[in-house]
> 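The structure follows.
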Amino acid sequence: MIQTVEGKGRYGRFGGQYVPETLMGALTELEEAHDSALADPAFREQLNSYLKDFVGRENPLYFAERLTEAAGGAKIYLKREDLNHTGAHKINNALGQALLAKRMGKRKIVAETGAGQHGVATATACALLGLECVVFMGKEDIRRQELNVFRMELLGTRVESVDKGAGTLKDAVNEALRYWVAHVEDTHYILGSALGPHPFPKIVRDFQQIIGQETKRQILDKEGRLPDAVVACIGGGSNAIGMFHPFVEDENVALYGVEAAGGGISTGQHAAAIAEAKEGVLHGAYMYVLQDEDGFIQEAHSISAGLDYPAVGPEHCHLHDIGRVQYTSATDAEALEGVQLLAQKEGIIPALESAHAIHFAFGLAKKMQSDDILVVCLSGRGDKDVQTVRDALGGGVQ
Amino acid sequence: MSKYTLTAAIRKRNAEGLSAFIPYMMAGDGGLEVLHERISFLEEAGADAIEIGIPFSDPVADGEVIQEAGSRALQRGVTLRKVMSTLQVQSHKIPLVIMTYLNPVLAYGLPKFVADCECAGVNGLIIPDLPHEERGLLSDALEAKDIALVPLISLTSSTERIEKIARAAEGFIYAVTVNGITGVRSGFSSDLMNHLTDLKRIANVPVLAGFGISTPEQVREFSSVTDGVIVGSAIVTAFHEGKLDKIQSLIKAGQTAVKH
Ligand SMILES: Cc1ncc(COP(=O)(O)O)c(C=O)c1O
């Protein structure tokens with residue numbers, strides 16, 4: 001095991017601030033601004049009013065009756081982040097950080113995007129608040145998510161194609177970081193997941209934990225008790241940490257994170273960094289990272305662009321180590337089954353990312369009792385993935 | 001103080017009233033076969049130390065030129081391990097400084113890496129993604145070794161940070177001259193020279209300027225206010241294009257620059 005030092009923003013031995021010196025000032029400024037914003041009732045009120053009237057929160061906690069019947073086990077509830085404006089949980093964080101940027105007097109925004117969901121959410125928040133925005137996106141992802149590129153452009157954002165590496169999310173983050181280093185004095189970087197150097201994992205969690213807070217309130221309303229299990233998919237880990245965080249102290253609530261197993265863990269073509277269990281540093285944080293024996297970062301593989309990242313945020317790494325959250329995975333094929341299952345049982349086409357969680361949750365529900373309660377974070381809707389799903393199914397539904 | 005060799009090499013040049021010059025090269029660009037040849041060339045040309053860059057899959061602090069050189073090296077299968085074993089084969093006249101991102105070092109294993117640095121004549125490490133707060137990760141392993149963990153100070157570093165970093169500095173201080181990544185620049189910010197002069201005043205190790213310095217004129221300009229300069233992208237390009245005379249004139253510009 002590698003020795004680590006006590007430092008800022010540690011989750012056990014994970015996290016930290018492994019960034020070029022040029023960014024250290026900006027990180028300190030950001031940390032202070034974030035703390036002061038959260039302590040300011042006016043900021044919270046402004047954020048809440050946008051979340052309500054612009055994003056459409058609170059969104060429902062929906063009892064999936066036919067899915068529950070089909071599983072024949074636990075009652076399955078879906079937390080409907082897919083009903084948010086822009087179609088995923090990403091807007092919670094993008095909006096929060098855009099407001100924060102404005103508060104810091106930074107009127108320019110840079111962001112990375114994989115699936116395009118975070119890019120669209122950021123472009124949306126910037127249009128709403130009148131901020132200038134540039135989004136870096138891998139060339140391969142631009143191909144996979146063509147319409148999201150146009151959506152961002154329509155919202156007034158400049159999209160920069162990144163053709164380095166495999167042209168996916170990791171390469172987009174590299175380029176966004178380079179851009180931020182060069183423009184740090186007037187630009188804020190809206191990181192899209194619970195990743196990166198401190199304070200980003202905390203900021204993203206703070207803005208996403210509304211998912212879990214609402215869920216808790218809603219399930220107490222509907223069932224009068226907390227759920228037995230909560231399931232979320234893991235890309236960098238933002239929807240999952242947002243859902244899990246308010247439940248971490250509730251020891252009777254089992255928490256499950258579902259990584260993307262791509263073509264299968266044994267094929268090496270996957271994005272399941274916790275399953276692989278190699279530790280290292282990427283994009284400013286000490287985490288579980290897919291890498292070879294020389295410490296070169298490996299490309300992640302998943303049918304869902306939003307899970308295609310070779311590491312998992314530091315807080316999840318720690319929750320794994322202390323055994324509070326169980327991390328598991330679902331393959332591309334299983335995610336495709338999840339999409340069809342939810343579409344046909346409930347009339348909801350989930351994002352491919354969320355479909356990983358759906359597939360695992362369905363299997364888990366089967367093993368639970370009929371008076372057990374299970375909640376799945378339905379992190380996004382599947383409109384963006386319809387083409388990918390059609391291609392993967394060979395044009396026809398199975 | 002155990003970390004003297006790197007500082008001494010710079011101070012020796014300064015004692016002649018001249019500025020030190022440290023070229024950067026990407027190890028394995030052009031093949032590991034030419035590594036020693038290139039090191040010898042730089043020694044002959046008058047370099048005071050050499051920064052050896054290690055290719056990495058995700059070089060976030062580097063601009064196009066060094067990124068591309070790194071990709072060429074990666075395509076040849078160059079790794080930190082291979083560079084370290086190549087360096088151990090032959091001894092060198094001047095100190096070597098390894099510039100690498102953190103993850104390859106962690107994957108190498110700290111004790112082994114430090115031991116191999118000692119065997120290879122490496123007297124300094126520059127790790128761009130290891131800021132002051134996180135340096136404890138390596139400093140224990142480097143304790144009592146003649147290997148300096150060279151800190152970077154940027155234009156955005158606050159006065160408070162600068163003082164903290166300068167106090168703990170080993171080898172020399174790498175003063176980053178632009179907000180941004182490595183690469184060729186035509187202009188520098190106006191208060192840069194004041195910033196460098198201030199740095200020199202509070203530092204008790206030499207201050208060298210680097211990032212974006214690419215012409216003999218720029219080398220002379222920076223040499224006059226610092227203890228030396230580091231040139232990267234321009235050297236990498238010259239090696240790649242086989243224009244060795246360009247390297248000689250850069251080094252010459254550095255070493256004829258009289259310090260004030
Ligand atoms: C709908 C949806 N769910 C999940 C994710 C994965 O990200 P995270 O793990 O940060 O929630 C993404 C990322 O783009 C997404 O678009």
Side-chain angles (χ1 to χ4, degrees), chain A residues 2-10 13 15-29 164-166 170-171 173-187 197-198 278-287 289-299 310-311, chain B residues 54-64 67-68 71 74 77-82 100-111 127-141 151-158 160-162 165 174-176 178-183 211:
Chain A
I2 292 164
Q3 61 187 113
T4 52
V5 288
E6 280 299 304
K8 261 194 196 173
R10 292 273 160 187
R13 63 184 195 284
Q17 293 183 305
Y18 298 95
V19 294
E21 173 62 22
T22 307
L23 294 181
M24 290 302 288
L27 293 179
T28 307
E29 181 193 359
K164 292 175 183 134
K170 157 174 99 79
D171 312 293
V173 176
N174 288 344
E175 216 48 45
L177 277 171
R178 290 188 186 108
Y179 182 92
W180 194 33
V181 172
H183 298 85
V184 63
E185 318 229 49
D186 63 355
T187 303
H198 176 71
K278 287 182 192 146
E279 299 170 23
V281 166
L282 178 65
H283 298 148
Y286 190 81
M287 304 175 281
V289 183
L290 297 181
Q291 59 189 304
D292 65 16
E293 64 279 12
D294 290 302
F296 295 151
I297 311 304
Q298 289 173 323
E299 299 295 342
Chain B
I54 306 297
F56 185 50
S57 51
D58 297 82
V60 291
D62 285 304
E64 292 293 333
Q67 279 182 52
E68 278 164 22
S71 304
L74 287 177
V78 175
T79 63
L80 179 58
R81 281 194 185 85
K82 288 185 188 167
T100 176
Y101 291 88
L102 181 57
N103 205 52
V105 175
L106 298 178
Y108 202 106
L110 285 183
I127 303 183
D129 54 354
L130 190 75
H132 180 77
E133 283 73 5
E134 307 284 2
R135 68 201 297 283
L137 187 62
L138 293 197
S139 54
D140 282 354
L152 291 98
I153 286 181
S154 80
L155 297 173
T156 58
S157 306
S158 65
E160 197 190 342
R161 277 187 73 74
I162 291 177
I165 296 171
Y174 195 138
V176 177
V178 293
N179 275 348
I181 49 185
T182 57
F211 275 41

> Under 4.5 Å heavy-atom distance to chain A, tell me which part of Phe56(B) shows up: side chain, backbone, both or neither.
both
> So what's closer than 4.5 Å to chain B heavy atoms on Lys278(A): side chain, backbone, both or neither?
neither
> Find the one option among Leu80(B), Asp62(B), Val176(B) whose heavy-atom pairs under 4.5 Å with chain A are most numerous.
Asp62(B)
> Answer with side chain, backbone, both or neither: which region of Val184(A) has an atom nearer than 4.5 Å to a non-hydrogen atom of chain B?
side chain
> For the interface with chain A, which of Ser157(B), Pro151(B), Gly63(B) has the highest count of heavy-atom pairs at distances below 4.5 Å?
Ser157(B)
> Is chain A contacted by the side chain of Ile165(B), its backbone, both, or neither, given a heavy-atom distance below 4.5 Å?
side chain
> Run the numbers on His283(A) and Asn174(A) for side chain to side chain donor-acceptor pair (under 3.5 Å), then give the verdict.
CA-CA 7 Å; His283(A) 298 148; Asn174(A) 288 344; 2.6 Å; yes
> Taking side chain as everything from C-beta outward and backbone as N, CA, C, O, which of these in Ile153(B) sits under 4.5 Å from a heavy atom of chain A? Side chain, backbone, both or neither.
backbone
> Sort Leu177(A) into side chain, backbone, both or neither according to what part of it lies under 4.5 angstrom from a heavy atom of chain B.
side chain
> Measuring heavy-atom distances to chain B, does Gln291(A) have an atom under 4.5 Å in its side chain, in its backbone, in both, or in neither?
side chain
> Name the one of Ile54(B), Asp58(B), Val60(B) that satisfies side-chain contact (heavy atoms from CB on, under 4.5 Å) with Tyr101(B)?
Val60(B)
> Can you tell which part of Glu68(B) gets under 4.5 Å to a heavy atom of chain A, answering side chain, backbone, both or neither?
neither
> Kindly give the heavy-atom pair with the smallest separation between Asn103(B) and Val281(A), and that separation in Å.
OD1-N, 2.8 Å
